[in-house]
Amino acid sequence: MENHPTYKDLAPICQKYPRAAGCFFQAYNDILFSQQWEDVQIIDVEATKRGVITGRKPNTEKSLTVVPCALAESLSTSWLRSIFDNLAPSPEEIYLAITSEDSSIVYYKISKGIVKPPI
Amino acid sequence: MADSPPAHRAAPGKSQAKRGKDHLNAIYAHPLPLLFGPLPADTPLPWATNVLGLFGRNRIVNPKCVGVFDAATRSVWITNSKDTFILWQRGFFGKGNLSRSEPSWLSRRINQLSGPKQLTAEEVTARRRELRKQFKTERAQALAAAAAEAEAIFAATGEMPTPEAVPAIVSKATFQAKGQQSAAVLPGADSVVTPPLNAADPSLVDEVDDAITPPEDMEHLQLTLQEAFFLAWSVGCLNIIDPTTNESIAPSALWKTFLAAHDFLASPDVPQSPWFDNPFLVSYVAFHHYRSLGWVVKSGIKFCVDLLLYKRGPVFHHAEFAIVVIPVYEDPEDRKSSPYDLPNVEPFTWSWLSTINRVNSQVKKTLILTYITIPALRRISAEELKSPECLKHFTVREVTIRRFVPARMRD
């Protein structure tokens with residue numbers, strides 16, 4: 001991981017939160033190279049003990065927030081709430097990037113409360 | 001598959017799908033990275049082979065692959081293209097960290113920059129999804145138009161319109177996307193796609209138009225610790241490097257390193273001595289069990305299960321079985337003293353079983369509950385955990401789950 005070309009951008013967050021370094025690195029590289037999002041940035045969210053990734057899907061305007069985690073972690077709803085509370089402006093929804101050890105990632109979209117589906 | 005090898009093209013009368021299958025059979029002919037090749041004629045046979053006539057004049061060719069242990073992602077990375085080729089093509093080990101299965105990121109990137117030469121599996125899926133989406137929007141528009149027209153006829157004449165009077169709505173089978181010659185160019189399943197693996201093929205990079213410089217390859221083949229240990233210890237064809245010392249990790253140290261990889265999950269109040277319910281150990285028992293029986297074992301994260309079993313490999317068939325690993329403590333007291341909180345230990349609920357089974361029968365996979373008995377510490381000393389020898393104390397039992405529908409399953 002330390003020898004990867006993107007590591008120099010991620011090193012401060014990876015060293016600050018070593019427990020979440022693996023999932024953060026995997027999600028960042030997936031978003032940047034595989035999903036090819038634009039304007040990809042990193043935010044340090046201390047309450048979640050990890051870095052959070054923001055960016056836009058190709059050819060869209062809306063900025064989206066991705067929170068990486070590992071499949072083996074146990075998460076709580078209060079932890080999820082703390083993500084919304086600690087981002088400014090607080091997003092309507094976040095994407096939870098759940099990473100597994102074979103490098104697979106599944107994204108779950110998490111919204112505040114019930115959302116009416118688009119017509 | 002316009003550029004399949006001449007040998008296949010020469011066979012007339014063979015369907016394209018059949019040629020594709022032959023092509024796959026040729027590429028993925030070996031189930032493990034080890035090869036069995038003939039000995040050079042002048043080599044004297046070893047004594048045992050000679051006397052027992054075990055292997056005839058054959059020898060084992062060991063590719064001796066090299067990977068780097070990555071503690072943060074709890075995995076082993078293969079970064080050189082030769083070993084990536086070998087481990088993927090002979091036994092489907094690992095996954096490209098930027099791809100769905102085999103590493104194809106560089107090919108996709110080159111296709112994107114220079115125009116496609118041959119579609120990768122991800123690109124085929126993307127095009128199929130795009131077509132489906134277009135079909136659905138056009139069908140929705142046609143439905144709305146038909147409804148509006150029927151309303152208009154009803155308002156004008158006061159009678160229900162006959163079906164012939166309203167415009168026909170295109171069906172999925174006859175749908176042709178605007179500006180598309182035929183939807184039939186898209187293969188139906190992964191199995192028909194000629195595998196790309198061009199990423200590692202230097203000739204492809206050479207072929208790229210001079211106008212673009214080939215991008216740097218950002219991808220590696222990622223092995224889970226279970227796969228890496230199987231290759232290093234059971235098969236003996238993988239050398240794993242410790243990135244801090246740049247030296248290879250000895251087999252005994254490897255066992256210790258992998259057992260310690262999940263320590264971050266352990267409760268900090270309990271001594272970190274090895275435990276029989278170590279997460280690496282439990283998942284390795286399951287992996288080793290199925291892999292030794294000849295299945296190709298992959299992660300089941302996308303289907304809410306622990307493992308997926310493929311017959312021969314993901315390029316041939318979809319996964320047939322979905323495995324949920326359920327640890328069972330031989331001595332329930334061990335669970336209380338252990339620092340780990342393993343998933344699926346608690347008795348499951350019917351709603352849990354129903355949900356998992358529904359998800360998997362939807363994708364035509366049979367659900368298997370794999371019970372792994374964790375040996376009791378009072379019976380077997382923790383000393384045994386110092387080497388993989390301790391694996392013999394674990395037992396594996398399986399229960400196959402199928403939903404029974406009385407009305408449909410009378411025969």
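Predicted model only: the values in this text are computed from it and were never measured.
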- Please look at Q35(A) and chain B and tell me whether the side chain, the backbone, both or neither of the residue comes under 4.5 angstrom of a heavy atom of that chain. neither

- Query: Where the side chain of Q222(B) meets the backbone of E101(A), is there a donor-acceptor pair that is under 3.5 Å apart?
  - Reply: yes

- Query: For chain A, which of K298(B), M218(B), E216(B) has the most heavy-atom pairs under 4.5 Å?
  - Reply: M218(B)

- Residue pair Q26(A), N97(B): steps toward the side-chain contact (heavy atoms from CB on, under 4.5 Å) verdict: CA-CA 8 Å; Q26(A) 274 182 21; N97(B) 72 312; 6.0 Å; no

- Note on the structure: Between I301(B) and I98(A), the two heavy atoms sitting closest are CD1-O, 3.8 Å

- Task: Give the member of L221(B), T224(B), L223(B), L98(B) that has the highest number of heavy-atom pairs under 4.5 Å with chain A.
- Result: L98(B)

- Query: Is the number of heavy atoms from other residues, nucleotides or ligands under 6.0 Å of Y108(A) OH greater than 12?
  - Reply: no

- Query: Rounded to the nearest 0.5 Å, what separation is found between the CG atom of D70(B) and the OG atom of S103(A)?
  - Reply: 11.5 Å

- Task: Assess whether atom CG of N80(B) is packed by more than 12 heavy atoms of other residues, nucleotides or ligands within 6.0 Å.
- Result: yes

- Does the W105(B) side chain pair with the main chain of F33(A), one donor and one acceptor, at a distance under 3.5 Å? yes

- Item | Under 4.5 Å from any heavy atom of chain B - which part of F25(A) | side chain

- Residue-level interface, residues 61-78 of chain A with chain B, non-hydrogen cut-off under 4.5 Å: A70(A), L71(A), A72(A)

- Item | R81(A) atom CZ, neighbour heavy-atom count above 12 within 6.0 Å | no

- From T99(A) OG1 over to R74(B) CZ, what is the distance, rounded to the nearest 0.5 angstrom? 7.0 Å

- Check: K95(B) main-chain N/O paired with D102(A) side-chain donor or acceptor under 3.5 Å: no

- Message: Does atom NZ (K112(A)) have a neighbourhood of more than 12 heavy atoms from anything else shown, all under 6.0 Å?
- Response: yes

- For side-chain contact (heavy atoms from CB on, under 4.5 Å), just list the numbers for R100(B) and S104(A), CA-CA rounded to whole Å, side-chain angles, deciding distance to a tenth of an Å, and then say yes or no. CA-CA 8 Å; R100(B) 199 169 61 187; S104(A) 298; over 6 Å; no

- Message: Taking atom CD as the centre, does E38(A) end up with more than 12 heavy-atom neighbours from other residues, nucleotides or ligands that are less than 6.0 angstrom away?
- Response: yes

